Amino acid sequence: MLTNKLMQIHDLLLAAYGAQGWWPGSGCFETVVGAILTQNTNWANVEKAINKLKSANALDADKLYNMDQDTLAQLIRSAGYYNIKAGRLKNFLNWLYENYDGKLEALANMSVYSLREELLSVKGIGRETADSILLYAFDKPVFVIDTYTARVFIRHGLIEQEADYEQLRDLFESNLPADTKLYNEFHALIVQAGKKHCKPKPKCHGCPLESLPHETQQDY
DNA sequence: GACCAGGCACATC
DNA sequence: GATGTGCATGGT
């Protein structure tokens with residue numbers, strides 16, 4: 001049963017790394033900003049950008065909505081792709097103000113499906129970012145898929161090499177209880193394992209999952 | 001210096 | 001529909 005396999009992996013990773021506690025009490029808005037800033041970017045660089053925003057007393061929807069885009073870009077410089085990301089933050093804020101009066105609380109009561117579709121309609125918010133916002137900012141039981149998730153599960157032969165984002169998401173959501181806390185930790189643990197052992201060029205030695213079958217040797 | 005990071009949109013075939 | 005490319009700082 002896949003459920004058991006998934007839980008075995010979760011338990012091995014949890015035993016090895018401990019609870020990751022992603023975005024603990026950061027607040028909804030900060031989490032949304034972080035989700036956009038971390039696109040294809042090391043979290044340490046994102047933290048610097050978030051701290052810059054805090055220092056400027058600007059980590060606030062109203063402040064960012066009214067801020068000049070170039071000024072915002074300079075504040076988030078350390079997160080990389082700063083011009084692109086400043087635009088994406090602006091796209092999100094413009095959408096929030098035009099449709100929801102700038103109130104994140106207005107989103108919390110929406111159905112997961114509706115909110116996901118609406119987030120995806122914002123340019124710069126793709127599937128992983130939308131799902132990260134749903135899970136980590138709004139506590140919705142949505143499993144976040146990222147590069148590491150695909151890499152780890154393909155390399156272990158748990159899903160076909162050609163599997164796309166939705167197939168991977170379905171693998172988790174269909175075989176695990178809809179448990180926000182479980183999804184939160186599990187995704188973070190997979191990322192942690194990926195950082196250490198599942199680089200594009202494999203470094204499997206010492207990985208908590210090393211003893212599990214690697215049914216594919218193909219690079220992903 | 002090479003490689004990598006908690007993606008996404010867009011162009012082109 | 002698949003594949004390629006630009007975006008960019010900062011750590012290892």
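What you see below is based on every heavy atom in this structure, not just the backbone, and it leaves out hydrogens, waters and symmetry mates. Just so it is clear: chains get the letters A, B, ... in the order the sequence lines come, proteins before strands, and each one is counted from 1. Owing to the predicted nature of the structure, the values given are computational and were not obtained by experimental measurement.
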Revision key, fill the gap. Leu72(A) CG to dA8(C) P, in whole Å, measures 13 Å
Check your understanding: Quick one, which residues of residues 31-55 of chain A touch DNA chain C with a heavy atom under 4.0 Å?
Key -> Asn40(A), Asn45(A), Lys48(A)
Check your understanding: Just how far, in rounded Å, is P of dG7(B) from CG of Asn83(A)?
Key -> 19 Å
Practice item. Sort out for me which residue in Leu104(A), Leu107(A), Ile133(A) forms a side-chain contact (heavy atoms from CB on, under 4.5 Å) with Cys28(A). Key: Leu104(A)
Practice item. Group every Ile, Leu, Val, Met, Phe, Trp and Tyr by side-chain heavy-atom contacts under 4.5 Å, then state whether Phe92(A) and Leu59(A) land in the same group. Key: yes
Check your understanding: Roughly how far, to the nearest 0.5 Å, is CG of Asn94(A) from CG of Asn99(A)?
Key -> 10.0 Å
Check your understanding: Given the rule that I, L, V, M, F, W and Y join up when any side-chain heavy atoms are under 4.5 Å apart, are Leu119(A) and Tyr97(A) in one cluster?
Key -> yes
Check your understanding: Between dG7(B), dT9(C), dC4(B), which nucleotide has the shortest distance from any of its atoms to the side chain of Arg77(A)?
Key -> dT9(C)
Exercise for review: For Ile125(A) and dC8(B), give me the distance from atom CD1 to atom C1', rounded to whole Å.
Suggested key: 11 Å
Review point. Looking only at atom P, what distance separates dG6(C) and dG6(B), rounded to whole Å?
Key: 23 Å
Point to revise | Whichever of Leu120(A) and Cys198(A) has its nearest DNA chain B nucleotide further upstream toward 5' | key: Cys198(A)
Check your understanding: What is the distance from OH of Tyr165(A) to P of dC8(B), rounded to the nearest Å?
Key -> 8 Å
Check your understanding: Separation of Asn91(A) atom CG from dC10(B) atom P, in whole Å?
Key -> 10 Å
Check your understanding: Which nucleotide, dG6(B), dT9(C), dA5(B), lies nearest any side-chain atom of Lys199(A)?
Key -> dA5(B)
Study note, to complete from the structure: Among dC7(C), dA5(B), dG6(B), the one nearest any side-chain atom of Pro200(A) is dA5(B)
Exercise for review: Calculate the interatomic distance between Lys195(A) atom NZ and dG11(C) atom P; express it in whole Å.
Suggested key: 14 Å
Check your understanding: Tell me: NZ of Lys196(A) to C1' of dG11(C), nearest whole Å?
Key -> 14 Å
Review point. Rounded to the nearest 0.5 Å, how far does CG of Asn175(A) lie from CZ of Phe143(A)?
Key: 11.0 Å
Practice item. Sort out for me which residue in Ile76(A), Leu53(A), Asp60(A) forms a side-chain contact (heavy atoms from CB on, under 4.5 Å) with Val33(A). Key: Leu53(A)
**Study point:** Interatomic spacing from CD1 in Ile50(A) to CG in Leu75(A) - rounded to 0.5 Å
**Key:** 12.5 Å
Exercise for review: Check every strand shown and say whether Lys85(A) touches a base, only sugar-phosphate, or nothing at a heavy-atom separation below 4.0 Å.
Suggested key: nothing
Check your understanding: Think Tyr82(A) has a side-chain N or O under 4.0 angstrom from the OP1 or OP2 of dT9(C)?
Key -> yes
Practice item. Pick the C1' atom in dA5(B) and in dC7(C), then give their distance to the nearest Å. Key: 14 Å
Exercise for review: Sticking with atom P, work out how far dG10(C) lies from dC8(B), rounded to a whole angstrom.
Suggested key: 22 Å
Check your understanding: What is the distance, rounded to the nearest whole Å, between atom NE2 of His197(A) and atom P of dC4(B)?
Key -> 16 Å
Check your understanding: Under a 4.5 Å cut-off applied to non-hydrogen side-chain atoms, are Glu173(A) and Val142(A) in contact?
Key -> yes
Practice item. Identify, residue by residue, the members of residues 128-140 of chain A with a heavy atom below 4.0 Å from DNA chain B, and return them in order of residue number, or none. Key: Glu128(A), Thr129(A)
Review point. Would you say Ile36(A) and Leu64(A) are hydrophobically clustered, going by side-chain heavy atoms of ILVMFWY under 4.5 Å?
Key: yes
Point to revise | 5' precedence on DNA chain B between Gly194(A) and Arg88(A) (nearest-nucleotide basis) | key: Gly194(A)
Practice item. Look up atom NZ in Lys5(A) and atom NE2 in His156(A), then write down how far apart they are to the nearest 0.5 Å. Key: 9.0 Å
